[in-house]
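Taking it in order: structure first as structure tokens, then the write-up.
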Amino acid sequence: MKGVVIKNTGNTYWVRTENGEEIVCQAKGNFRLKGIRSTSPIVVGDHVIIDQNPDGTAFITEIEDRKNYIVRRASNLSKQAHILAANIDEALLCVTVRFPETSTVFIDRFLATAEAYRIPVCLVFNKIDLYDEDDKEYLDGLIYLYQTIGYPCLKTSAETGEGIEALRERIKNKITLLAGHSGVGKSSLINVLQKDASRKIGKISDYHLKGTHTTTFSEMINIDTGGYIIDTPGIKGFGTIDMIPQEISHYFPEIFRFSKNCRYNNCLHINEPDCAVVKAVENHYISESRYRSYLNILEDVNESKYR
Ligand SMILES: Nc1nc2c(ncn2[C@@H]2O[C@H](COP(=O)(O)OP(=O)(O)O)[C@@H](O)[C@H]2O)c(=O)[nH]1
Ligand SMILES: [Mg+2]
Ligand SMILES: [Zn+2]
């Protein structure tokens with residue numbers, strides 16, 4: 001029988017079959033995937049074949065090829081990949097400019113990783129009910145920046161409901177991955193979109209203004225008005241595994257566009273002569289924050305190479 005993995009904890013997988021049943025399964029055999037050292041070989045979003053026994057137990061026996069998947073490093077020192085989810089139509093990156101603040105480096109790392117895995121991203125700026133005039137101005141600047149590069153942006157409040165209908169339209173009939181720092185309101189947004197989703201909401205600790213971790217594994221949630229959302233555990237940072245230095249600019253669409261006019265075709269856009277990217281930054285065609293994020297990833301990739 002065919003199905004989709006909608007949740008997993010350890011070696012137990014919940015699979016939704018073609019006729020809408022949810023079956024609890026174990027993995028059978030060795031699912032080490034070619035070329036990836038992963039903490040879990042089967043992930044939410046995987047299309048699988050299951051075998052059901054007369055005694056009610058069921059096993060996953062096969063995984064179909066993935067259209068795409070997104071990974072992060074299991075921990076900073078680890079070279080092991082942690083696959084967050086597979087077969088994603090779009091990723092929503094939930095961002096707050098305050099309570100807690102999401103840095104542009106974090107946003108850009110996510111965007112570059114998604115580009116590398118060919119997953120379209122829409123930015124969702126949440127908690128707009130909390131922002132003062134300065135925050136709003138900063139937010140509009142960010143939205144202008146990211147829309148200009150080509151990333152769609154939405155503004156939402158899970159508290160007041162503002163922007164929720166646009167979000168509902170956005171996710172219709174897609175499998176959407178919801179990502180973002182802990183505490184930005186991912187679970188709250190899901191609860192607004194789907195009343196009976198009953199996602200646990202974290203309490204913001206007054207001291208750090210960071211959310212507590214309440215989501216510990218990825219789970220796919222059915223939205224009655226159309227679509228599925230994959231809720232992921234709060235992501236601290238993205239590893240940029242498997243990227244080579246010359247490749248990183250390919251994942252910054254606007255930097256890539258300018259890089260075609262650099263003198264050297266292996267230019268890393270740091271301080272090489274006649275670098276069209278550095279010139280474009282100086283002339284404000286490329287934003288400084290994006291360029292900083294580019295350099296930040298480059299540094300990281302170089303560091304891990306010598307570790
Ligand atoms: N004022 C306001 N608070 C929100 C909003 N969205 C979420 N929160 C609060 O932010 C905290 C963290 O929310 P949660 O959904 O658990 O974040 P998650 O870690 O991303 O899933 C909770 O206290 C929520 O009530 C919003 O749009 N406005
Ligand atoms: Mg959550
Ligand atoms: Zn260059």
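Residues take their numbers from the sequence shown, with the count starting at 1. All ligand and atom numbering here is 1-based and tracks the order in the structure. None of the values given here were measured: they were computed from a predicted structure.
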**OP:** Could you tell me whether Lys279 and Glu282 make a salt bridge, using a distance below 4.0 angstrom between a side-chain N and a carboxylate O?
**Re:** no
Original post:
Are there any protein N/O/S atoms under 2.8 Å from the Zn ion (ligand 3), and if so, which?
Top reply: Cys262 SG, Cys267 SG, His269 ND1, Cys275 SG
**OP:** Enumerate the atoms of ligand 1 whose separation from the nearest heavy atom of His181 is less than 4.0 angstrom.
**Re:** 20 (O)
**OP:** Identify, with sequence neighbours excluded, every residue that meets side-chain hydrogen bond (donor to acceptor under 3.5 Å, both in side chains) alongside Ser287.
**Re:** Ser289
Subject >> Arg263/Asp274 salt bridge by N-O under 4.0 Å criterion >> reply: yes
Original post:
So, for Val121 and Ala114, which heavy atoms are closest and what is the spacing to 0.1 Å?
Top reply: CG2-CB, 3.3 Å
Original post:
With under 30° as parallel and over 60° as perpendicular, where do the rings of Tyr285 and Phe258 fit, or are they tilted in between?
Top reply: parallel
Original post:
Which ligand 1 atoms are under 4.0 Å away from a heavy-atom of Ser182?
Top reply: 19 (O)
Subject >> Flag, side chain of Tyr291 to backbone of His269, donor-acceptor distance under 3.5 Å >> reply: yes
Original post:
Can you list the atoms of ligand 1 that are under 4.0 Å from a heavy atom of Ala158?
Top reply: 6 (N), 26 (C), 27 (O)
Original post:
For the Mg ion (ligand 2), does an N/O/S atom of Ser182 lie at less than 2.8 Å?
Top reply: no
**OP:** With sequence neighbours excluded, tell me which residues meet side-chain hydrogen bond (donor to acceptor under 3.5 Å, both in side chains) with Asn19.
**Re:** Thr17
Original post:
Taking the inter-plane angle between the rings of His250 and Phe256 on a 0 to 90° scale, is it parallel (under 30°), tilted (30 to 60°) or perpendicular (over 60°)?
Top reply: tilted
Original post:
For ligand 1, is any non-hydrogen atom under 4.0 Å from Asn126's backbone (N, CA, C, O), its side chain (CB onward), both, or neither?
Top reply: side chain
Subject >> Residue selection (non-hydrogen contact nearest atom 19 (O) of ligand 1) among Gly185, Gly183, Ala179 >> reply: Gly183
**OP:** Output yes when the distance from some N or O of ligand 1 to some N or O of Thr156 is under 3.5 Å, and no in every other case.
**Re:** no
Original post:
With a 4.0 Å cut-off on heavy atoms, does Gly180 reach ligand 1?
Top reply: no
**OP:** Enumerate the residue pairs fulfilling salt bridge (Lys or Arg N to Asp or Glu O under 4.0 Å) with a member in residues 158-167, sequence neighbours excluded, ordered by first and then second residue.
**Re:** Glu165-Arg168
Original post:
Run the side-chain hydrogen bond (donor to acceptor under 3.5 Å, both in side chains) check on Asp224 and Gln194 step by step: do they pass?
Top reply: CA-CA 7 Å; Asp224 286 339; Gln194 181 70 25; 3.0 Å; yes
